[in-house]
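Within every chain, numbering begins at 1; the chains are lettered A, B, ... in the order of the sequence lines, protein sequences first and strands thereafter.
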Amino acid sequence: MSEALATGGPPARRARRNWVPYALLAPGLLWLIVFFAVPTLSLVSQSLQTGDVYNGYVLTWNVQTYVDALSTYWPQMVRSLVYAGLATVFTLLLGYPLAWFIAHRSGRFKNVLLVLVVAPFFTSFLIRTLAWQTILGNGGLLESTMSWLHLTWLLHGFESFLGLVNLGTGNQLLYTPFAVVSGLTYNFLPFMVLPLYANIERLDLRLVEAASDLYATPFHAFRRVIWPLSLPGVVAGTLLTFIPAAGDYINSVLLGSTQTVMIGQVIDSQFLRVLNYPLAAALSVVLMAVIIGLVMAYVRRAGTEELV
Amino acid sequence: MAERQTPDLTSLPMRAALARGLTTRRSVMTGALGIGATMALAACGSAGTKATSSGGASPTAKAAKDMSDTEKLVNWSNWPEYIDVAESGGGHPSLEEFTKKFGIKVNYTEDYNDNDEFYAKVRPLLAAGQDTGRDTWCSTDWMVARLIRQGYVQPFDLANIPNHGNVDSSLLNVEFDPGRKFSLPWQSGFAGIAYNPKATGGKKIETVDQLLTDPSLKGKVTLLTEMRDTVGLVMMAMGKDIAKFTDADFMSAIDEIKKAKEAGQIKGFTGNEYTKPLASGDTAACIAWTGDVVQLQADNPSLGYVLPETGCTLWSDNFVIPALAKHKKNAEILINYYYEPAVMAQVVDYVNYISPVQNTKEILTKSDPSVADNQLIFPSEATLSRAHVFRGLSEAEEAKYNQAFQSVVTG
């Protein structure tokens with residue numbers, strides 16, 4: 001490419017043209033600098049400062065904050081990653097068949113179904129999560145539906161099971177890790193479905209026919225043909241779900257208990273209530289680093305050059 | 001500035017939602033939106049604080065040139081659902097009468113959802129010596145103490161507030177603002193114990209010990225994120241005086257709460273989003289503020305509310321005028337107006353908190369006896385004797401106690 005340019009037109013013309021790509025890049029670059037680079041730098045710098053809100057902070061390269069942050073709050077960090085991971089798996093299990101159905105089986109309802117997937121986004125994130133309080137709560141929609149279906153025993157059985165494995169009090173669904181992961185799964189489902197749909201919709205169904213012509217069972221056709229082809233969609237969907245879910249805390253605040261505290265809640269409390277800015281910043285930096293590390297390992301393993 | 005938005009309180013469904021406790025004074029929805037905003041501020045804030053150095057031993061708030069006489073308006077930030085609302089759903093009658101009477105327009109904004117969050121929002125401006133765009137707001141006692149300590153609020157010109165003599169004598173000499181030079185109370189309330197008999201099986205919950213240890217309440221108890229209310233109640237239950245306690249007293253109360261939390265007794269720590277689960281029975285018992293519960297009882301008369309015998313906390317939210325407020329005199333005229341007993345009666349009749357102004361009870365006895373007879377709105381001497389005020393904290397103590405309390409809340 002650069003060779004072609006170099007041997008191409010006369011030098012004068014090339015010089016005149018060279019600034020164009022930079023000019024086109026400028027708005028994006030500026031945006032990145034103002035809204036990403038500067039805040040990130042400021043965040044990292046804050047995490048290495050000492051002082052307090054009233055008397056100001058000085059940059060002292062105090063790494064001890066990181067040690068404190070990790071040694072005190074590693075359980076919340078691990079919990080956030082586990083919850084986000086579970087929610088990602090569940091959104092994939094729910095989202096993949098849904099995306100397939102919308103792409104290949106929905107006929108003229110395709111657009112309607114797509115709108116329906118996005119429709120919950122027309123209301124606030126908070127309202128949607130609060131609605132789950134009503135669904136899962138005492139005498140809520142779930143309980144009344146189950147009793148209408150004469151399945152109350154199933155619900156109570158599940159609640160007791162949660163209690164037995166120490167994930168709740170044994171008599172409620174709300175305020176358990178189950179509720180938090182359900183909330184996360186629900187709230188991030190569209191982020192999984194849309195990239196999957198975009199990918200699956202372009203998938204050539206004749207390849208599946210070819211596979212069955214070559215005596216592949218439906219399972220093998222999926223395993224060897226469909227799944228590998230849809231991997232870019234899967235990777236995009238899982239990233240879009242996992243990353244925000246790991247930092248989310250509204251679901252835990254509204255649907256969880258004191259046993260389900262996620263790292264976002266800790267950062268919020270350290271920043272707003274304790275006014276310990278360095279600790280809050282250090283936790284944020286660690287969260288970012290951990291997520292970037294996980295994502296890089298994942299993308300490398302999934303090996304999707306199409307995505308990056 | 002004249003275009004500042006207020007939440008839509010005019011629609012009936014919205015007001016119904018408010019009444020049901022879907023969103024109330026320390027509303028969770030608006031609160032979380034605010035948290036989003038402050039998270040964004042984090043980035044800017046840290047850069048700002050680097051430049052900020054200490055204001056010295058006793059900083060004083062700067063006054064701006066008062067534009068009150070040329071610009072007939074005042075900007076007031078207050079907690080959601082904390083003022084009278086017309087029956088028809090249209091606006092706030094007491095504010096409209098004020099505008100009619102004095103020709104001063106009020107930009108009333110319900111953007112004060114939480115003391116810490118509001119502080120995070122205005123602190124960078126105040127620290128940088130900039131106008132916050134607000135002429136007055138209502139902060140809780142301890143936040144007023146912090147604002148005075150940092151020199152972020154201006155003393156009143158009491159000549160503009162002749163009605164300040166109407167303030168209830170018990171609220172006149174407070175530790176954080178002797179002689180009430182910087183702050184005047186807007187509303188007061190207690191923190192006590194609320195319970196839903198449906199969820200407790202008819203059992204009365206009357207002590208803090210029951211909250212923290214009764215196995216029948218396991219996983220169905222919420223406490224408040226307001227440290228002074230939660231730890232205050234627990235300390236009093238342990239026989240300590242919250243007006244003078246030691247580090248050891250505080251930490252032993254923290255240990256009690258931690259023990260209960262680790263035993264799975266406590267479901268969560270909340271702002272006033274405790275109201276909805278309490279009404280539905282998902283929360284069996286909790287620490288709750290008076291005004292909220294009085295409002296809830298209108299729909300759920302069976303809800304119980306107790307001021308524990310060991311003691312409850314008493315707090316106030318207070319008018320303050322921030323540094324560089326552009327319409328200081330107008331704000332003072334506004335405060336003076338609300339110190340008319342008849343006007344305050346109108347507000348108290350709606351918000352159901354404790355009036356800081358003398359003689360409001362006499363007015364309400366005639367117009368709305370049920371409110372005037374309510375011990376939680378007009379407490380008797382006997383009731384008041386149970387109420388205590390959390391002592392003031394130094395900066396170092398505040399930091400230490402907040403850290404200890406938050407490590408339980410998010411631990």
Side-chain angles (χ1 to χ4, degrees), chain A residues 38-40 42-43 45-47 49 51-59 72-73 75-76 124-127 130 133-134 136-140 163 166 168-172 174-176 249-250 253-254 256-259 261 265-278 280-281 284, chain B residues 22-23 28-30 32-35 38-40 42-47 49-55 114 116-117 119-120 123 127 146 149-150 198-199 218-220 225 227 261-262 264-270 273 276-277 280-282 395-396 398-399 402-403 405-411:
Chain A
V38 172
T40 308
S42 147
L43 185 72
S45 137
Q46 178 74 74
S47 71
Q49 294 172 11
D52 63 57
V53 156
Y54 310 114
N55 301 310
Y57 288 99
V58 213
L59 186 59
T72 321
Y73 292 111
Q76 286 86 340
S124 138
F125 185 62
L126 230 37
I127 305 274
L130 278 169
Q133 275 190 350
T134 322
L136 295 177
N138 247 336
N166 217 8
T169 50
N171 53 10
Q172 54 185 3
L174 198 55
Y175 313 118
T176 61
Y249 77 103
I250 292 293
V253 167
L254 296 180
S257 70
T258 50
Q259 319 292 325
V261 174
Q265 277 171 278
V266 177
I267 295 173
D268 167 64
S269 101
Q270 289 297 326
F271 180 73
L272 276 184
R273 323 240 160 229
V274 185
L275 301 175
N276 190 341
Y277 290 4
S284 310
Chain B
L22 244 173
T23 163
V28 55
M29 283 174 243
T30 30
L33 290 179
I35 288 163
T38 40
M39 280 303 185
C44 320
S46 73
T49 37
K50 260 182 286 172
T52 317
S53 62
S54 170
D114 175 297
D116 287 310
E117 176 233 307
Y119 178 76
R123 191 197 59 82
R146 188 191 284 178
R149 196 165 66 211
Q150 291 192 263
K198 266 186 290 177
K218 191 179 173 208
K220 298 202 161 204
T225 46
M227 176 181 82
K261 196 203 103 166
E262 276 162 8
Q265 179 82 0
I266 295 165
K267 185 177 76 187
F269 292 85
T270 66
E273 66 268 23
K276 193 172 154 264
S280 72
D282 282 315
E395 269 174 30
E398 197 168 83
N402 270 330
Q403 181 72 57
F405 181 58
Q406 286 300 323
S407 73
V408 178
V409 172
T410 62

Open item on the list: Holding to side-chain contact (heavy atoms from CB on, under 4.5 Å), I want the full list of residues that pass it with A:Thr176, two or more places apart in sequence or in another chain.
Closed with: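 Listed in chain order: A:Leu162, A:Phe178, A:Ala179.
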
Open item on the list: Going by side-chain contact (heavy atoms from CB on, under 4.5 Å), name the residues that satisfy it together with A:Ser257, two or more places apart in sequence or in a different chain.
Closed with: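 Applying side-chain contact (heavy atoms from CB on, under 4.5 Å) to A:Ser257 gives A:Tyr175, A:Gln259, A:Thr260, B:Lys267.
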
- [ ] Validate the cation-pi geometry between B:Arg149 and A:Tyr54: distance from NZ or CZ to the six-membered ring centre under 6.0 Å, angle to the ring axis within 45°.
- [x] yes

Give me the atom names and distance for the closest heavy-atom approach of [X] to [Y].
X        : Y        : answer
B:Ala120 : A:Leu272 : CB-CD2, 3.5 Å
A:Gln265 : B:Thr410 : O-CG2, 3.9 Å
A:Gln172 : B:Gly219 : NE2-O, 3.2 Å

Open item on the list: Heavy-atom pairs under 4.5 Å with chain A - which of B:Glu398, B:Met227, B:Glu395 has more of them than the others?
Closed with: B:Glu395

Task: Most contacts with chain A, counted as non-hydrogen pairs under 4.5 angstrom, among B:Asp282, B:Ile266, B:Val409, B:Val408 - done: B:Asp282

Task: Check: A:Val53 and B:Tyr119 side chains under 4.5 Å, non-hydrogen atoms - done: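 They are in side-chain contact.
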
Task: Close side-chain approach of B:Ser407 and A:Tyr73, heavy atoms under 4.5 Å - done: yes

Pairwise distance [atom1]([X]) to [atom2]([Y]) - rounded to 0.5 angstrom:
X        : Y        : atom1 : atom2 : result
B:Gln406 : A:Gln270 : CD    : CD    : 7.5 Å
A:Asp268 : B:Asp116 : CG    : CG    : 9.5 Å
B:Phe405 : A:Ser269 : CZ    : OG    : 10.0 Å

Task: Part of B:Gln403 lying under 4.5 Å from any heavy atom of chain A - done: both

Task: Top contributor to chain B contacts, counting heavy-atom pairs under 4.5 Å, from A:Asp52, A:Val261, A:Thr40 - done: A:Val261

